[in-house]
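Below: the structure, in C-alpha cells.
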Amino acid sequence: MDIAKEIKKEKNLSVKNTFLSSYLISERFSPYFSKFYIKKNVTPNMITMHMIISGIIGAILFAMPNIYVKILGAIFIHLWFILDCSDGEVARYTKTFSKFGKELDFMAHLINHPLFGLALFLSLVQLERYHFYLLAVLIMISNLLDYLNRNVNAMKTIIDLKEPSDGHVSQKSEKWTLKQKIAFITDIFTIYPNFILFGVIIYFVDFLLGSHILLGYIIMNIILNFGLMLLESIRLLKKFYQ
C-alpha cells in the first residue's frame, strides 16, 4: 500500500477527533509530506525544525505591508501546521520516538505562537481601522491566555497520569452529545491551530470587504480562553484539596 494511504488509513481522519482547521486543511496534505520525509529518511525532530522555520518565515511574510506577500505568508503558516502533523505521523510510522522530540515540539509552539500574534497585530494595524494600543493589548492577552491554558492542561494531564486507573475504558459514541458539540464549537475559537489558521484567512476577508470579523474572532478567543482557563483552574484546585 502507498505510504500516504497507509497514514491516512491509520489516522482515521474525522471531524470528531481533530481540530476543524486540521480536518479541513492540514491533515489532508500532511500524509503526502510524511511520505516524502519517510522516503528521504528525515527524522521527526528534523521535520519539527522545518516546522519552526516555516512558522518564522510565515510570520515575517504575513507581517509585511503587501497583500501578495501576506498570501505567501499565510501559505507558510499553513505549512507550519501541516509539518506539525507530519512530524507525528513520521514518528508513528517509523516508530521513532524521543523525549527530546516532545520537548522540541513544545518549544516550537513557544517560538512560533507569539510571532503569529505579532504578525496578526501588525497586519491589523496596517488596515488603519483600529486603535494601536487596543490591538496590542488584545493580542498580548490572547497569547498570554494561550500559554496559561497550555500550562493548565499540561498540569491536568500529569495529574490524570498519576491518578490510579479504574481499568474502565470508555467507549466513544457515534452520536455527539451536547457537551461535545459545545466543546467542538469552542475549540474553533480557542485551540491555537484553529485560531491562527482561520485567522490569516479571515484577514483577507476583512481586507477585501472592509469587515471586522478578525477583531471579533480575537475577542471571542480571549473571552472563551479566559473562561476555559478559569474552569480548569477551579477543577485542579478541587483535586488538590480533595
Side-chain angles (χ1 to χ4, degrees), residues 15 18-30 50-85 108-150 184-230:
V15 72
T18 189
F19 308 136
L20 182 59
S21 59
S22 181
Y23 173 77
L24 293 175
I25 306 168
S26 310
E27 297 203 43
R28 303 285 177 178
F29 294 97
S30 61
H50 293 171
M51 163 196 164
I52 295 172
I53 294 168
S54 178
I56 293 171
I57 293 172
I60 292 171
L61 294 178
F62 196 80
M64 295 292 118
N66 181 289
I67 194 63
Y68 300 106
V69 177
K70 285 186 187 297
I71 291 171
L72 187 58
I75 291 171
F76 271 97
I77 288 172
H78 277 268
L79 178 60
W80 158 78
F81 195 63
I82 289 171
L83 295 178
D84 192 22
C85 298
H109 291 278
L110 294 181
I111 293 169
N112 289 140
H113 287 196
L115 291 178
F116 295 150
L118 180 60
L120 281 181
F121 165 69
L122 292 174
S123 294
L124 285 169
V125 167
Q126 290 156 16
L127 292 176
E128 298 181 349
R129 301 174 192 167
Y130 309 109
H131 193 283
F132 180 90
Y133 293 109
L134 172 63
L135 285 177
V137 169
L138 289 175
I139 292 296
M140 283 191 291
I141 292 174
S142 175
N143 273 115
L144 176 62
L145 288 173
D146 174 57
Y147 283 142
L148 290 174
N149 268 325
R150 280 179 170 273
F184 177 78
I185 294 170
T186 302
D187 284 350
I188 293 173
F189 295 92
T190 57
I191 298 295
Y192 207 88
N194 278 338
F195 175 66
I196 186 60
L197 296 180
F198 287 143
V200 294
I201 294 173
I202 293 170
Y203 177 83
F204 296 115
V205 176
D206 281 353
F207 179 85
L208 293 171
L209 302 181
S211 55
H212 306 278
I213 302 171
L214 182 54
L215 182 66
Y217 191 45
I218 293 169
I219 292 171
M220 283 298 295
N221 169 265
I222 291 171
I223 293 171
L224 293 174
N225 255 327
F226 179 76
L228 288 176
M229 185 194 68
L230 202 59

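A search for ring pair (Phe, Tyr, Trp, His ring centres under 6.0 Å) contacts involving Phe132 returns Phe121, not counting sequence neighbours. Evaluation of the ring pair (Phe, Tyr, Trp, His ring centres under 6.0 Å) rule for Tyr133 yields His131 as partners, not counting sequence neighbours. For Asn143, the side-chain hydrogen bond (donor to acceptor under 3.5 Å, both in side chains) test picks out no residue, with sequence neighbours left out. With sequence neighbours excluded, no residue forms a side chain to side chain contact (heavy atoms under 4.5 Å, CB included) with Leu208. Partners of Tyr130 by ring pair (Phe, Tyr, Trp, His ring centres under 6.0 Å), not counting sequence neighbours, listed by chain and number: His212. Applying the ring pair (Phe, Tyr, Trp, His ring centres under 6.0 Å) test to Phe207 and every residue at least two apart in sequence or in another chain returns nothing. By the side chain to side chain contact (heavy atoms under 4.5 Å, CB included) test, Leu24 pairs with Leu20, Phe198, sequence neighbours left out. Residues passing the side chain to side chain contact (heavy atoms under 4.5 Å, CB included) test with Asp146 are His113, Arg150, Tyr192, sequence neighbours excluded. Among residues two or more places apart in sequence or in another chain, the side chain to side chain contact (heavy atoms under 4.5 Å, CB included) test is passed with Leu72 by Leu61, Phe76.
Heavy atoms only, all atoms of each residue included: Met51 and Ala108 are closest at CE-CB, 3.7 Å. When every heavy atom of Ala59 is checked against every heavy atom of Phe116, the shortest pair comes out as CB-CD2, 4.0 Å. Closest approach of Leu138 to Leu215, counting heavy atoms only: CD1-CD1, 3.7 Å. Nearest heavy-atom pair across Val200 and His78 is CG2-NE2, 3.8 Å.
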Would you be so kind as to tabulate the donor-acceptor pairs closer than 3.5 Å made by side chains of residues 219-229, with sequence neighbours excluded?
from	atom 1	to	atom 2	distance (Å)
Asn221	OD1	Ser142	OG	2.7
Asn221	ND2	Phe189	O	2.8
Asn225	OD1	Asn149	ND2	2.7

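Here the CD1-CD1 distance, from Ile82 to Ile75, works out to 10.0 Å after rounding to the nearest 0.5 Å. Here the OH atom belonging to Tyr217 is positioned 5.5 Å from the CG atom belonging to Asn194, to the nearest 0.5 angstrom. Between the CZ atom of Phe195 and the OG atom of Ser21 there is a distance of 12.0 Å, given to the nearest 0.5 Å. The structure places CG of Leu115 at 9.5 Å from CD1 of Ile77, a figure rounded to the nearest 0.5 Å. Atom CD1 in Ile191 sits 11.5 Å away from atom OG in Ser22 (nearest 0.5 Å). Rounded to the nearest 0.5 Å, atoms CG (Leu122) and CE (Met64) are 8.5 Å apart.
Residue pairs meeting the side chain to side chain donor-acceptor pair (under 3.5 Å) criterion with at least one partner in residues 199-211, sequence neighbours excluded, are Asp206-Ser211. The list of side chain to side chain donor-acceptor pair (under 3.5 Å) pairs with a residue in residues 114-126, not counting sequence neighbours, reads Lys70-Ser123, Lys70-Gln126.
Proximity of Phe62 to Leu120: side-chain heavy atoms (C-beta onward) are separated by under 4.5 Å at one or more points. Within the 4.5 Å cutoff, the side chain of Phe29 has no heavy atoms near those of the Leu79 side chain. Put simply, the side chain of Ile57 does not reach to within 4.5 Å of the side chain of Trp80, judged on heavy atoms. Taking the side chain as every heavy atom from C-beta outward, Ser26 and Pro193 never approach each other to under 4.5 Å. Under the 4.5 Å side-chain criterion, counting only non-hydrogen atoms from C-beta, Tyr23 is in contact with Arg28.
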Ile139/Ile218 under side chain to side chain contact (heavy atoms under 4.5 Å, CB included): CA gap, chis, key distance, verdict: CA-CA 8 Å; Ile139 292 296; Ile218 293 169; 3.9 Å; yes

